[in-house]
Every structure is written in C-alpha cells, then in structure tokens.
Student: 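I have a structure here, written as structure tokens, and I will follow up with some questions on it.
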There are 2 protein chains.
Amino acid sequence: MGDATQSRRARLRAEATSEIKAIALRHMAAGGPASISLRAIAREMGMTAGAIYSYFGSRDDLITALTADVYDSLADVLEASHRTAPDDAPHERVLAHARAYRTWAIAHPDEFRLIYGDPVPGYEAPEDGPAQEAEHRLCAALLGLVAAAWPQAAAAREQGGYEWTDFQPGLVAMARSTFPDLPPAAVALCLRVWSRMHGLLALEVYGHLRHQVHDPEKLYEADMLDLIRSLGLVA
Amino acid sequence: MGDATQSRRARLRAEATSEIKAIALRHMAAGGPASISLRAIAREMGMTAGAIYSYFGSRDDLITALTADVYDSLADVLEASHRTAPDDAPHERVLAHARAYRTWAIAHPDEFRLIYGDPVPGYEAPEDGPAQEAEHRLCAALLGLVAAAWPQAAAAREQGGYEWTDFQPGLVAMARSTFPDLPPAAVALCLRVWSRMHGLLALEVYGHLRHQVHDPEKLYEADMLDLIRSLGLVA
DNA sequence: CGAGATTACTACACACCGTTCAGAGTTGGC
DNA sequence: GCCAACTCTGAACGGTGTGTAGTAATCTCG
C-alpha cells in the first residue's frame with residue numbers, strides 16, 4: 001500500500017465493507033432494525049455468515065458502524081438546513097432545523113429508531129466510538145441554533161439556575177470552545193429545544209399518533225411555531 | 001364452570017398465565033425487553049417451550065398482554081397523581097402528572113420501552129386489542145388534565161386552526177363524550193402537552209442525556225415549569 | 001356415573017439466528 | 001520466492017420461536 005492508490009486488497013475490502021452496510025440498511029428499511037441478520041446479508045452477497053467477521057467483529061460492531069453513518073447523514077441534513085436560513089433570522093433557522101429533522105425522520109423511520117430507540121435486541125452501544133463523535137455533530141448543530149437565537153431569546157427567559165457544572169465535561173468543552181459567549185442557561189435551553197422537537201417525532205415514528213390525529217405534520221408545525229414564539233423569536 | 005367459584009382447571013390456568021407474565025416482566029427488568037424468551041420462561045417454570053402456547057398463541061401475544069398490563073399500571077399511576085392535586089389548581093395537577101410520568105418511567109425503564117419504543121425485535125402491535133383500550137385510559141387522563149386547565153389556558157392561546165375532522169374518530173368520540181365543552185384545539189393542545197412530557201423522558205430513558213447533563217430531573221422540572229407558564233396556568 | 005370433548009403438557013422436528021474454529025486458497029510485502 | 005496476513009468455506013454449538021403428534025388429566029353433559 002505504499003502507492004498513492006490503495007492496494008487491490010484494500011480496495012476490495014472497502015467495497016465489501018460498504019456493500020455489507022448498504023445491504024444492512026436496505027434490510028432495515030424493509031423490516032425494521034431488528035431484521036438485520038448477518039446470515040441474510042452474507043446470503044445476499046454469496047458468502048457464508050462467518051465471512052462477515054473479516055469485516056466486522058460482531059453484529060454489534062456492524063450496528064455501531066451503521067449508527068455512526070446514520071448519525072452523520074442526519075447531521076449533514078441538519079447542517080444543510082441551517083444554510084437555507086440567513087444568519088440574522090434565527091426563527092427561520094429554528095424552523096428550518098425542525099422541519100429538516102422531521103422530514104428526515106419520516107423519510108427514514110428505521111434510521112431514526114436505530115439512533116433514538118432500541119437499536120436492536122440486545123445491542124449495547126459502546127461508551128466511546130464513532131457514534132459518540134457523530135452525536136457531537138448533532139449537538140453542535142443544536143448549539144449553533146440556540147447560539148444564533150440567544151441574543152433575542154435571552155430577554156424572553158430568566159437565565160438563572162444553571163451552572164457549567166450541571167453538564168458533562170465533554171459538552172461543556174464543546175460549548176465553550178465553539179460559542180465562548182454562551183451562558184450555561186443556553187446549553188440547558190438547547191437540550192430542551194431538542195427534546196421539544198424529539199417528543200412529537202418519537203411519538204409519530206413509533207405510531208402513537210396514528211390513532212389520534214390525521215396529520216401529525218400539522219401538529220408538529222403548530223408546536224414548532226409555539227416554540228419559536230415562546231423563545232421570543234417572533235413578535 | 002357453572003359454579004360461582006372457578007373450576008380447578010380455570011384457576012390453575014389463571015395462575016399459570018400470570019406466572020408467565022410475572023417471569024417475563026422480571027426477565028425484562030433484568031435484561032431489557034429483548035430478553036423475553038419463551039424457552040427461558042418455560043425453563044424457569046419447569047415446562048417445555050411448547051407448553052406456553054396453551055396460554056399465549058405466540059410470543060407476540062405474550063408481548064401484547066404484557067403491554068396491556070404495563071399500560072394499565074401506568075394509567076393507574078397517572079390517575080392517582082391527579083387525585084393528589086385539588087381540582088381548582090390545574091397547574092399543580094399538570095405538575096403532578098408530569099412528575100408521576102417521569103417517576104414511573106425512571107423506575108420502570110423497560111416498561112417504558114415496551115410501550116413507547118421498539119417493544120421487541122420483530123414485534124408488530126395488533127391494530128385493535130387490549131393495548132388500544134389501555135392506551136385510551138392514558139389519553140383520557142391527559143384529556144382530563146387539559147380539560148381542567150382549559151378555562152385558564154384558553155385565554156393564553158389562540159383557539160383557531162383545529163377542527164374535529166383533524167382527529168381520528170375514536171379520539172373524537174372519547175373527547176366529546178367525556179368533556180362535551182372542550183373544543184378541538186384543546187385536544188390538539190393535549191397531544192402537544194403529551195409530547196412535551198414525552199420528549200425529554202424518551203431522550204433520558206434511551207440514554208441520550210447521559211453524555212450531556214448530570215441531573216436530567218432538573219432539566220425536566222424546568223421544562224415542565226416552562227410548560228405550565230406557557231399554558232398561562234401560573235402568573 | 002361414565003362417555004366424549006377439551007385442555008395441558010412432553011417430545012421432537014424445523015428453520016432460523018450469532019458466533020467460533022480449523023483449514024484451504026489468495027494476496028502482498030520483504 | 002517465501003512467509004505472513006487476509007478472506008472465505010464448511011461445519012459445529014447453543015440459542016431462539018414455532019409447529020405437530022401423542023398422552024394424560026380434567027371438565028361437561030347426558
């Protein structure tokens with residue numbers, strides 16, 4: 001592999017690795033996250049099940065890799081949504097973020113479950129891995145959202161009650177380095193904004209609104225408008 | 001079984017049925033919803049796996065029965081919380097409901113997942129069953145909450161934008177029969193209040209706040225206070 | 001009370017699953 | 001060209017849910 005181009009074996013390995021992940025994602029889209037089966041993937045690739053272990057140490061490792069990919073694709077979507085709204089219109093940016101979040105979740109419900117629900121039967125996420133890093137991108141996107149809104153939002157809410165020690169060190173480090181002027185209350189607000197978007201979406205994706213309401217999007221839209229109003233972002 | 005007392009067989013059947021469910025719940029508490037195994041339950045009862053099929057038609061049927069039980073226990077807790085707050089103090093009632101919801105979820109995370117997440121690998125909830133009925137109890141509790149708050153909350157929000165046709169017939173029927181004076185906007189608000197409580201809780205139960213904040217309860221409490229404030233329930 | 005239907009259970013079989021392991025064949029670096 | 005690393009096979013182990021046949025106990029009803 002001394003050459004600028006990868007060796008033949010490295011290239012084949014990379015292709016096989018991404019083919020495994022692609023098939024896994026397709027199976028997941030067809031039958032939910034639980035229907036990811038090493039044997040089924042291997043069968044489709046014309047291999048035996050054991051061969052997968054050349055690429056992923058276990059099924060959980062595959063899930064972890066998929067989770068990281070999905071996190072990244074979601075982060076891409078959310079970051080792209082920020083660029084559709086001007087910097088000086090935080091309420092549009094929050095709305096764009098919220099809509100991008102929902103659009104993605106509805107278009108990829110299984111990916112949403114993979115990240116935010118029980119990914120798979122007995123799967124336990126590793127404490128630190130690529131997923132953690134990708135999760136940071138999401139967190140940074142949300143922080144950017146709140147940071148842009150904070151000057152207008154700060155007036156609308158009391159800032160007291162939160163200290164840096166309320167948060168985990170990793171989050172504090174990221175927040176203070178990326179947005180040095182942001183107070184701890186803004187980080188707390190960020191988490192609450194996140195939960196606000198997440199709540200209705202989780203209920204919808206898991207089917208708990210199906211028996212209640214015809215058009216969940218209308219409800220979501222109304223709640224997001226209420227959110228930016230309660231943030232003081234709109235008159 | 002013409003007698004007032006059940007026949008011997010019926011009694012044994014009822015005992016075995018609830019023993020199966022009890023063991024399943026215990027296994028779930030030990031290893032998550034995915035670790036419910038008919039064979040493990042049968043082993044613990046000194047039976048073979050096939051014997052379970054005398055009591056539940058399939059593993060999914062067991063899960064469905066468990067789900068109904070869990071729904072009921074949650075509904076019990078929430079309804080009890082309403083009785084701790086006086087009728088004329090809707091903000092206390094909302095807070096009591098929210099706190100009871102969180103306390104239950106944190107104490108029974110697997111039951112929470114069973115209801116609100118992927119219950120189990122390939123499980124698909126039946127369209128109509130005991131779970132639907134129990135879900136109605138939860139919905140009724142929430143409606144009662146909003147109904148009590150509506151006189152004060154109505155002033156704080158515009159009532160327009162929602163019609164009865166926006167909701168599923170079952171929900172409309174329940175709402176209009178139980179609370180005849182409630183407008184459709186109140187039902188929409190009810191769902192949004194639900195999602196507000198659910199969002200932070202889902203993030204916490206599934207571990208997404210673990211890397212962010214030390215004390216999720218503090219965040220939840222703050223958000224619930226913000227909720228009753230935005231509802232106009234407190235000055 | 002006793003014949004017949006219903007139920008509870010075992011034992012076995014089937015088709016999956018993740019995982020491991022010895023070995024064969026291939027590739028790549030030295 | 002040699003030897004190490006890699007990729008894959010095929011078989012095995014233990015686990016799962018789910019059916020089916022047969023047996024024994026229990027209940028129902030004439």
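Here is how names work: the chains are called A, B, and so on, in the same order as the sequence lines, proteins then strands, and each is numbered from 1.
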Student: Rounding to an integer number of Å, can you tell me how far B/Glu15 CD sits from C/dA8 P?
Tutor: 13 Å

Student: Nearest whole Å is fine: how far is D/dG15 P from A/Arg59 CZ?
Tutor: 18 Å

Student: Ignoring backbone atoms, establish whether A/Arg13 has a side-chain N or O less than 4.0 Å from OP1 or OP2 of D/dC6.
Tutor: no

Student: Do B/Arg39 side-chain and D/dG17 base share a donor-acceptor contact under 3.5 Å?
Tutor: yes

Student: Tell me which residues in residues 42-55 of chain B lie within less than 4.0 Å of DNA chain D, going by non-hydrogen atoms.
Tutor: B/Arg43, B/Ala49, B/Tyr53

Student: Answer yes or no: does a side-chain N or O of B/Ser37 lie under 4.0 Å from OP1 or OP2 of D/dG17?
Tutor: yes

Student: For B/Arg93, enumerate each residue passing the side chain to side chain donor-acceptor pair (under 3.5 Å) test, keeping only those at least two apart in sequence or located in another chain.
Tutor: B/Asp87

Student: Among all residues two or more places apart in sequence or in another chain, which pass the side chain to side chain donor-acceptor pair (under 3.5 Å) test with B/Asp110?
Tutor: none

Student: Taking DNA chain D as the partner, which of residues 20-30 of chain A come within under 4.0 angstrom of it by heavy atom?
Tutor: none

Student: May I have the distance from A/Phe56 (atom CZ) to C/dG18 (atom P), rounded to whole angstrom?
Tutor: 14 Å

Student: C/dC17 P sits how many Å from A/Asp60 CG, rounded?
Tutor: 16 Å

Student: Against A/Leu66, only a single residue in A/Ile115, A/Asp61, A/Leu114 fulfils side-chain contact (heavy atoms from CB on, under 4.5 Å); can you say which?
Tutor: A/Leu114

Student: Going by the rule side chain to side chain donor-acceptor pair (under 3.5 Å), which residues pair with A/His82 if we only count those two or more places apart in sequence or in a different chain?
Tutor: A/His97

Student: Could you tell me which residues satisfy side chain to side chain contact (heavy atoms under 4.5 Å, CB included) with A/Asp72, sequence neighbours excluded, listed by chain and number?
Tutor: A/Ala134, A/Arg137

Student: Partners of A/Glu44 by side chain to side chain contact (heavy atoms under 4.5 Å, CB included), sequence neighbours excluded?
Tutor: A/Ile23, A/Arg26, A/His27

Student: Can you tell me how far C1' of D/dA25 sits from CG of B/Leu12, to the nearest Å?
Tutor: 11 Å

Student: With sequence neighbours left out, what residues match B/Tyr220 under ring-ring contact (aromatic ring centres under 6.0 Å, His included)?
Tutor: none

Student: How long is the line joining CG of A/Leu38 and P of D/dG10, in whole Å?
Tutor: 18 Å

Student: Under the rule for side chain to side chain donor-acceptor pair (under 3.5 Å), what residues qualify as partners of B/Glu204, not counting sequence neighbours?
Tutor: B/Arg102

Student: Under a 4.5 Å cut-off applied to non-hydrogen side-chain atoms, are B/Leu74 and B/Glu111 in contact?
Tutor: no

Student: To the nearest Å, how far apart are B/Ile36 CD1 and D/dG15 P?
Tutor: 19 Å

